[in-house]
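First the structure, in the form of structure tokens, and then the observations on it.
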Number of protein chains: 2
Amino acid sequence: MKSLKKAGLIKTQPRMLILDIFEAQEKKHLSTNDIYMALQRNKTPLSLGTIYRVVNQFEKSGLIQSHHFSPDNAVYELCAADNHDHMIDIRTGKIVEFHDEIIEKRQKEIAEEYGLDLVDHKFILYGYFN
Amino acid sequence: MKSLKKAGLIKTQPRMLILDIFEAQEKKHLSTNDIYMALQRNKTPLSLGTIYRVVNQFEKSGLIQSHHFSPDNAVYELCAADNHDHMIDIRTGKIVEFHDEIIEKRQKEIAEEYGLDLVDHKFILYGYFN
DNA sequence: CTACTTGCAAAGACTTTGCAGGACG
DNA sequence: CGTCCTGCAAAGTCTTTGCAAGTAG
């Protein structure tokens, strides 16, 4: 269980509810609307405005990370220790995570070559799963 | 000069103007607003609606490619033969392109391992340029 | 001529924000 | 109790679309 206090955020009911959603979900990548609907199902609804505010705070605090895989909307996931990349099925939207040391190592070399002080990266493979 | 006809599009004035903007620009990654303003400067203004329609047609025809580097807006660039990746300076927004064979090769291996029929990929490095 | 395109303004989707009331420490 | 948080609804972006007029072949 991630800590709100460590993240510098007061422990409030809405924030705990949203954090719970992330930790309870089998699906790891959630849009604001996914969160909204999950809260409805749990009979603990929150306003969309609050959800947007909370995920933005969580992201600034480093609790979660946002991705813009599709132009339409952002999805969020809990920050994991390993830094993994993503494969996306174009047809179904299914997301699979993977981690690859060769990629990790090579990206650092490339950044160095170009004089880039690397902060983050994004590596996404799009295609169709068999 | 890319061909509108080959792309299956009638050669109209607005479409030629927009294609010219892409080919004339030192900056390769343009937002709809960049295009809009460049056309204003050229004294050949077009409506934003038309620009959105045209870039969407161009993208479907494979003439240009869209990127969503920032959550705010999409940018477009002419499709090049080489398939390159991007580095982005977080502070300035500067974009640098690169191509790396190790990455290209490794991505194919990873896709194969996971049973993904690879269609496209995106590899972006974020950081600060020295 | 006939079909496809364009401009304009309205509509849409997603996200942010102001304000008054409510919860936290 | 003062401060930070929430709900609600309004406002903001960026993008898409309907319709009537214009252009291409």
Side-chain angles (χ1 to χ4, degrees), chain A residues 2-22 29-40 42-61 63-77 93, chain B residues 1-22 29-61 63-77 93:
Chain A
K2 300 247 181 182
S3 163
L4 287 171
K5 196 181 286 177
K6 269 188 205 152
L9 295 169
I10 296 173
K11 198 172 179 181
T12 70
Q13 197 138 1
R15 300 213 260 241
M16 286 190 294
L17 288 170
I18 293 178
L19 196 47
D20 284 351
I21 294 294
F22 276 105
H29 301 84
L30 304 173
S31 67
T32 46
N33 195 51
D34 290 337
I35 298 170
Y36 182 77
M37 292 189 302
L39 288 165
Q40 300 272 348
N42 284 6
K43 311 284 188 225
T44 53
L46 293 176
S47 74
L48 260 177
T50 297
I51 295 171
Y52 274 104
R53 269 185 293 229
V54 171
V55 295
N56 285 340
Q57 293 158 349
F58 280 11
E59 185 173 17
K60 280 206 195 86
S61 313
L63 240 45
I64 65 176
Q65 187 179 5
S66 71
H67 298 286
H68 292 79
F69 295 141
S70 116
D72 306 337
N73 58 15
V75 294
Y76 302 85
E77 70 172 327
Chain B
M1 168 78 183
K2 300 248 179 181
S3 162
L4 287 172
K5 196 180 289 179
K6 270 188 208 153
L9 296 168
I10 296 173
K11 198 171 177 180
T12 69
Q13 198 137 1
R15 299 213 262 240
M16 286 191 292
L17 288 170
I18 292 177
L19 196 48
D20 284 351
I21 294 295
F22 276 104
H29 301 84
L30 303 174
S31 67
T32 46
N33 194 52
D34 290 336
I35 298 170
Y36 182 77
M37 291 188 303
L39 288 164
Q40 301 272 349
R41 280 196 298 276
N42 285 7
K43 312 284 188 227
T44 53
L46 292 176
S47 74
L48 260 178
T50 297
I51 295 171
Y52 274 104
R53 270 185 292 230
V54 171
V55 294
N56 286 338
Q57 294 158 348
F58 280 11
E59 185 173 16
K60 280 205 194 86
S61 313
L63 240 46
I64 65 176
Q65 186 180 5
S66 71
H67 299 286
H68 291 80
F69 295 141
S70 115
D72 306 338
N73 57 15
V75 295
Y76 302 85
E77 68 172 327

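Because the structure is predicted, anything quoted here is derived from the model rather than measured. Naming convention: chains lettered A, B, ... in sequence-line order (proteins, then strands); numbering from 1 in each chain.
For the pair A:L39 CG and D:dG7 C1', the computed distance is 14 Å after rounding to whole Å. What separates NZ of B:K5 from C1' of C:dC4 is a distance of 16 Å, to the nearest Å. Computed from coordinates, the B:K60 NZ to C:dC4 P distance equals 15 Å when rounded to whole Å. Atom P of nucleotide D:dC14 and atom CE of B:M37 are separated by 11 Å, given to the nearest angstrom. Taking atom CG of residue B:L4 and atom P of nucleotide C:dT5, one finds them 11 Å apart after rounding to whole Å. Distance CG (A:L46) to C1' (C:dG22): 14 Å, rounded to an integer number of Å. At whole-Å resolution of the value, OH in B:Y36 and P in D:dT15 are 15 Å apart. Across the protein-nucleic acid pair, B:K11 atom NZ and C:dC4 atom C1' stand 17 Å apart, rounded to whole Å.
Axis deviation across the helix from C:dC1-D:dG25 to C:dG25-D:dC1 amounts to 40°, comparing end segments of five pairs, rounded to 10 degrees.
Pairing each heavy atom of A:R15 with each of A:I10, the nearest pair is NE-O, 3.1 Å. Nearest heavy atoms, A:K43 versus A:P45: C-CD, 3.3 Å. When all heavy atoms are compared, the tightest approach of B:S66 to B:H68 is OG-CE1, 4.0 Å.
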Could you list, one pair per line, each protein nitrogen or oxygen that sits under 3.5 Å from a nitrogen or oxygen of nucleotides 14-21 of chain C, together with the distance?
residue: C:dT15; atom: OP1; partner: A:A74; partner atom: N; Å: 3.3
residue: C:dT15; atom: OP2; partner: A:T32; partner atom: OG1; Å: 3.3
residue: C:dT15; atom: OP2; partner: A:Y52; partner atom: OH; Å: 2.2
residue: C:dT15; atom: O5'; partner: A:Y52; partner atom: OH; Å: 3.1
residue: C:dT16; atom: OP2; partner: A:N56; partner atom: ND2; Å: 3.1
residue: C:dG18; atom: O6; partner: A:R53; partner atom: NH1; Å: 3.2

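Residues meeting the side-chain contact (heavy atoms from CB on, under 4.5 Å) test with B:R53, sequence neighbours left out: B:T50. Under the side-chain contact (heavy atoms from CB on, under 4.5 Å) criterion, B:T32 pairs with B:L48, B:I51, B:Y52, B:V55, B:Y76, sequence neighbours left out. With sequence neighbours left out, the side-chain contact (heavy atoms from CB on, under 4.5 Å) criterion links B:K60 to no other residue. Looking at residues two or more places apart in sequence or on another chain, you find a side-chain contact (heavy atoms from CB on, under 4.5 Å) between B:F69 and B:H29, B:H67, B:V75, B:H86, B:I88, B:I95, B:I124.
A:D34 contributes a side-chain N or O that, together with a main-chain N or O of A:S31, makes up a donor-acceptor pair within less than 3.5 Å. For the pair B:S70 (side chain) and B:D72 (backbone), a donor-acceptor distance under 3.5 Å is present.
Side chain of A:T12, nearest nucleotide from C:dC4, C:dC24, C:dG7: C:dC24.
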